[in-house]
Amino acid sequence: MSPDAPFGPDDFQLVLLRRMADQRPELVDDARRTLGATLAGMREANRRWQAMCRSPRSRGALSRYRSVLGTPESSAVRRIGDLVCDAYRWPVPLWPDLRFEVLAVAGSGAVWNEWLVRAPGAPGPVLRTTADLVPWSCTVDEVARAFPAARPLEGTAPTRFRLAFPDPADPAVLRTADFTWGLLQTVG
């Protein structure tokens, strides 16, 4: 990838992978190779993304996603508690059953959440035990629904999420599921 080439969806997938590499390097290496990218190429894509995000001439986050990912595959108004937001979703070829979702405050374009979610109509995994929680197989929402006692914890970075829940096999044992960009990485 040339530093002068337009930043596009494949580059963005490398940005997602770069953050996941801290927890699942073996999965990231396989996915990076699928994209035909080198480790240096992944680092360069992440550097360019960070530069776009931090530039004094930076567009708003929603405009940046539209410029990189194109027209959303879908958009809808969603109510979450008292918050009314616009939900935009884009396909992510590395994960065909997932979509990259951006939630923006309705009418303002201010992004307050961005993560991977299950594509409409795509079957999610059956999650009954901690053994069913396989890395890269499920999203934050799916784990929260499967384990109703799950409660959110503070993530270790802006793109990281955590859920704590009692182990179904032994409710006295508290498990923690770690997610990056909304996709399961580890369970401890």
Side-chain angles (χ1 to χ4, degrees), residues 12-35 39 42-43 46 49 61 65 73-74 76 78-105 111-188:
F12 181 70
Q13 289 178 106
L14 291 172
V15 170
L16 297 178
L17 290 173
R18 175 61 192 97
R19 180 56 74 186
M20 292 178 191
D22 296 338
Q23 293 174 303
R24 303 308 309 193
E26 72 289 356
L27 295 175
V28 167
D29 285 345
D30 290 343
R32 181 179 48 76
R33 283 191 283 277
T34 297
L35 290 173
L39 187 56
M42 184 172 73
R43 287 186 186 126
N46 191 64
W49 177 257
Y65 285 120
E73 176 181 82
S74 67
R78 191 174 306 150
R79 182 176 209 84
I80 302 170
D82 291 338
L83 180 66
V84 176
C85 61
D86 296 317
Y88 302 94
R89 290 182 175 179
W90 288 268
V92 187
L94 275 173
W95 299 283
D97 288 346
L98 300 178
R99 296 296 179 263
F100 186 74
E101 180 181 73
V102 172
L103 300 175
V105 177
V111 171
W112 66 273
N113 195 31
E114 52 224 316
W115 59 3
L116 294 163
V117 297
R118 186 72 48 197
V126 175
L127 305 174
R128 292 192 183 106
T129 70
T130 55
D132 297 328
L133 297 173
V134 176
W136 288 22
S137 70
C138 51
T139 64
V140 171
D141 183 53
E142 291 167 333
V143 174
R145 279 191 318 236
F147 302 97
R151 61 178 170 51
L153 300 173
E154 188 171 336
T156 57
T159 59
R160 295 206 174 139
F161 306 87
R162 300 181 90 204
L163 290 176
F165 60 95
D167 189 319
D170 182 356
V173 175
L174 191 63
R175 299 288 184 182
T176 303
D178 288 287
F179 303 82
T180 300
W181 292 106
L183 190 59
L184 180 67
Q185 303 296 311
T186 64
V187 177

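- Between L153 atom CG and D178 atom CG the span is 8.5 Å, to the nearest 0.5 Å.
- The shortest distance between side-chain heavy atoms of I80 and C85 falls below 4.5 Å.
- Within the 3.5 Å criterion, the main-chain N or O of D30 finds a donor-acceptor partner in the side chain of T34.
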Run the numbers on F161 and V143 for side-chain contact (heavy atoms from CB on, under 4.5 Å), then give the verdict.
CA-CA 12 Å; F161 306 87; V143 174; over 6 Å; no

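- The side-chain heavy atoms of R18 and T159, taken from C-beta on, include no pair separated by under 4.5 Å.
- When side chains are defined from C-beta on, F147 counts as touching P168, because their heavy atoms get closer than 4.5 Å.
- When side chains are defined from C-beta on, V92 does not count as touching W181, because their heavy atoms never get closer than 4.5 Å.
- Judged purely by atom type and a 3.5 angstrom limit, E142 has no side-chain atom pairing as donor or acceptor with the backbone of G124.
- When all heavy atoms are compared, the tightest approach of A150 to A144 is CB-CA, 4.3 Å.
- The two residues E101 and A87 make their nearest non-hydrogen contact at OE2-CB, 4.2 Å.
- Nearest heavy-atom pair, Y88 versus A104, reported as atom, atom and distance to 0.1 Å: CE1-CB, 4.4 Å.
- Between D132 and L127, the closest heavy-atom pair is O-CD2, 3.5 Å.
- Looking at heavy atoms from C-beta onward, L184 lies in side-chain contact with L133 at the 4.5 angstrom threshold.
- D29 places no side-chain N or O within 3.5 Å of a backbone atom of E26 that could act as its donor or acceptor partner.
- Nearest heavy atoms, N113 versus W115: ND2-CE2, 3.1 Å.
- Taking 4.5 Å as the limit, every side-chain heavy atom of F179 sits out of range of all side-chain heavy atoms of T139.
- Side-chain contact between L17 and L35 is present, with at least one heavy-atom pair separated by less than 4.5 Å.
- Here the straight-line distance linking atom CD of Q23 with atom CD of Q185 works out to 5.0 Å at 0.5 Å rounding.
- Between the CG atom of L16 and the CG atom of L94 there is a distance of 8.5 Å, given to the nearest 0.5 Å.
- In this structure, the side chain of R160 engages the main chain of R19 through a donor-acceptor pair within 3.5 Å.
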Would V102 and W90 count as a side-chain contact (heavy atoms from CB on, under 4.5 Å) if you check the C-alpha gap in whole Å, the side-chain angles of each, and the deciding distance to 0.1 Å?
CA-CA 9 Å; V102 172; W90 288 268; 3.6 Å; yes

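- Note on ring orientation: taking the six-membered ring where Trp is involved, the planes of Y65 and F100 are tilted (angle from 30° to 60°).
- Among residues two or more places apart in sequence or in another chain, the side-chain contact (heavy atoms from CB on, under 4.5 Å) test is passed with L27 by R24, P135, W136.
- Applying the salt bridge (Lys or Arg N to Asp or Glu O under 4.0 Å) test to E154 and every residue at least two apart in sequence or in another chain returns nothing.
- In terms of heavy-atom proximity, A61 sits nearest to V111 at CB-CG2, 3.7 Å.
- Rounding to the nearest 0.5 angstrom, the gap separating the CZ atom in F165 from the OG1 atom in T176 is 7.5 Å.
- At least one side-chain heavy atom of L98 sits less than 4.5 Å from a side-chain heavy atom of R118.
- Here the straight-line distance linking atom CG of L116 with atom CG of L183 works out to 6.0 Å at 0.5 Å rounding.
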